[in-house]
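Heads up: the structure comes next, in C-alpha cells.
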There are 2 protein chains.
Amino acid sequence: MGASKLDIYSNDINQIAAVAKVFAHPARVAILQYISKQEACICNDIVDEIGLSQPTISQHLKVINNVGLLKGTFEGKSLCYCLNVKRFQELQTLFNQFFNQTKLNCC
Amino acid sequence: MGASKLDIYSNDINQIAAVAKVFAHPARVAILQYISKQEACICNDIVDEIGLSQPTISQHLKVINNVGLLKGTFEGKSLCYCLNVKRFQELQTLFNQFFNQTKLNCC
DNA sequence: ATTTATTATCGTAATATTGCAATATTACAT
DNA sequence: ATGTAATATTGCAATATTACGATAATAAAT
C-alpha cells in the first residue's frame, strides 16, 4: 500500500493532517523560520542558508506554497518569498482548535 | 534518497518536525480524537471506529506513543488507551511557541 | 493447562517522500 | 537577440510510510 485511505476520515481530520504534513519536515520548518526573519524577503539565499540543493529547496517551497503560506512578488530574476502571515495565523488557529477540542473531551 | 538530512538542522527544528509528523496522518488524528472522547478509555474499539485493520491501528498507536501521547494500563486482555493530556498540552505549547516566534520575526 | 480475547510483531507489497543532477523556464540587462 | 541570474521542472535512485495477512505474545478465565 503506502497510500493513506483519505476517504474514511472527515474533512476536518484530513485538513489537520494535510497541514501538519507541511510542518513535518525540518527543511520546511527551517525555511519558514528563515523567510520570516528576512526583512527584504530574500530568495536564493535559502539554498545557502539551509544545506540542500536548489531543486530540493524549490520542491519544499512548492509544498509550503500549496497551503497558501507564501506571499511575494515573483518577477523573474528578483523573486521574493515572503511568509503569508495571515494564512500562518489561520493555521495556528486551526491547530489550536483541534488541540482545545480534543482536550475538552478528555476523561 | 528518501531520508531527511536531520543533522543539518537545529534540535528545535527537528523536534517540531518530528512532532508534526505524528499529526500528519489522518488515522492518527482520528485516533487521538477518539481516545480523548472515551471516558472509560476503550481499546480495540478503535479498530471498529476507524476503518483500518488491527495491525495498522497498532502501528499508528506506536507512533503516537513514541512522542509520549499515550497513557494507560496495559494489562493483557483489558488494555486501556488514554490520551496523556499533560503531554498533549506540552505539544500544543511547543507548536504555539514556534508559530508565535515565527510571526514575531516577520516583515 | 487450555481456551479465549486482545494487542504486538513480522513479512511483504504498494505508494509516498526526499534529494540531487540535468535541463527548462523566466525575466532582466546588455 | 544574446547573455545572465534565479527559480522551476523532469527524471531517477534511495529510503520511508502505509496497510494488511499471518503469526506471536500476553493475560485473564475456565
Side-chain angles (χ1 to χ4, degrees), chain A residues 1-9 13-14 17-31 34-35 38 40-67 70-82, chain B residues 1-9 13-14 17-31 34-35 38 40-67 70-82:
Chain A
M1 302 280 151
S4 305
K5 289 182 151 186
L6 298 174
D7 50 311
I8 64 174
Y9 311 103
I13 285 177
N14 279 326
V19 170
K21 214 172 242 181
V22 177
F23 299 96
H25 194 290
R28 293 194 284 269
V29 176
I31 289 172
Y34 183 69
I35 65 175
Q38 301 312 108
C41 298
I42 308 179
C43 40
N44 197 8
D45 307 352
I46 306 174
V47 175
D48 300 331
E49 177 70 15
I50 303 171
L52 295 172
S53 72
Q54 180 269 320
T56 304
I57 295 290
S58 187
Q59 220 169 191
H60 282 304
L61 280 168
K62 200 176 180 183
V63 175
I64 294 172
N65 189 48
N66 282 345
V67 289
L70 287 189
K71 196 180 69 177
T73 53
F74 302 87
E75 311 149 1
K77 204 167 74 178
S78 56
L79 287 242
C80 158
Y81 288 112
C82 264
Chain B
M1 302 281 151
S4 304
K5 289 181 150 187
L6 298 175
D7 49 312
I8 64 174
Y9 311 103
I13 285 177
N14 279 326
V19 170
K21 214 172 242 181
V22 177
F23 299 96
H25 194 290
R28 292 193 284 269
V29 176
I31 289 172
Y34 182 69
I35 65 175
Q38 302 312 109
C41 297
I42 307 176
C43 40
N44 199 5
D45 305 351
I46 306 174
V47 175
D48 300 333
E49 175 70 15
I50 303 171
L52 296 172
S53 72
Q54 180 269 318
T56 304
I57 295 292
S58 187
Q59 219 169 190
H60 283 303
L61 281 168
K62 201 176 178 183
V63 175
I64 294 172
N65 190 48
N66 282 346
V67 287
L70 288 188
K71 195 181 68 177
T73 54
F74 302 88
E75 311 149 3
K77 203 167 77 178
S78 56
L79 285 243
C80 160
Y81 287 110
C82 263

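Predicted model, so just to flag it, every value in this text is computed and none were measured. Side-chain atoms are counted along with the backbone in the values below, which use heavy atoms only and exclude waters and symmetry mates.
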Tell whether B:Q59 reaches the base of D:dA19 with its side chain through a donor-acceptor pair below 3.5 angstrom. yes
Among B:L70, B:L52, B:L61, whose side-chain contact (heavy atoms from CB on, under 4.5 Å) with B:I31 holds? B:L61
Does A:Q54 get its side chain close enough to the base of D:dA6, under 3.5 Å, for a donor-acceptor pair? no
May I have the distance from B:L52 (atom CG) to C:dA14 (atom P), rounded to whole angstrom? 19 Å
Check whether any side-chain nitrogen or oxygen of B:T56 sits under 4.0 Å from OP1 or OP2 of D:dA19, and answer yes or no. no
Among residues at least two apart in sequence or on other chains, which ones pass side-chain contact (heavy atoms from CB on, under 4.5 Å) with A:S58? A:Q54
Hey, does B:I57 reach any base, or is it just sugar-phosphate, or nothing, if we go heavy atoms under 4.0 Å? nothing
For A:Y9 and B:I50, which heavy atoms make the closest approach, and how far apart are they? CE2-CG2, 3.9 Å
Expressed as a whole number of angstroms, how long is the span from B:I8:CD1 to C:dT18:P? 13 Å
Of all the nucleotides listed (D:dA8, C:dT9, C:dT18), which has the minimum atom distance to the side chain of A:R28? C:dT18
Which of the following nucleotides, C:dA21, C:dG19, D:dG21, is nearest to the side chain of A:H25? C:dG19
Below the 4.0 Å mark, does D:dT17 have OP1 or OP2 next to a side-chain nitrogen or oxygen of B:H60? no
In whole angstroms, the gap separating C1' of D:dT18 from NZ of B:K62 amounts to 14 Å
Nearest non-hydrogen partners of B:I35 and B:C82, listed with the distance: CD1-C, 4.0 Å
Between C1' on D:dT18 and CG on A:N14, what's the gap in Å once rounded to a whole number? 15 Å
Rounded to the nearest angstrom, tell me the gap between atom CG in B:L61 and atom C1' in C:dT7. 9 Å
Could you tell me the separation between the CG atom of B:D48 and the C1' atom of C:dT7, rounded to a whole number of Å? 14 Å
Side-chain N,O (A:K21) to OP1/OP2 (C:dA16) below 4.0 Å: no
Would you mind telling me which of C:dG19, D:dT17, C:dA8 lies closest to the side-chain atoms of B:Y9? C:dG19
If you look only at distance, which donor and acceptor atoms sit under 3.5 Å apart when one is on a side chain in residues 19-27 of chain A and the other is two or more places apart or in another chain?
residue	atom	partner	partner atom	Å
A:H25	ND1	A:A27	N	3.0
A:H25	NE2	B:S4	OG	3.0

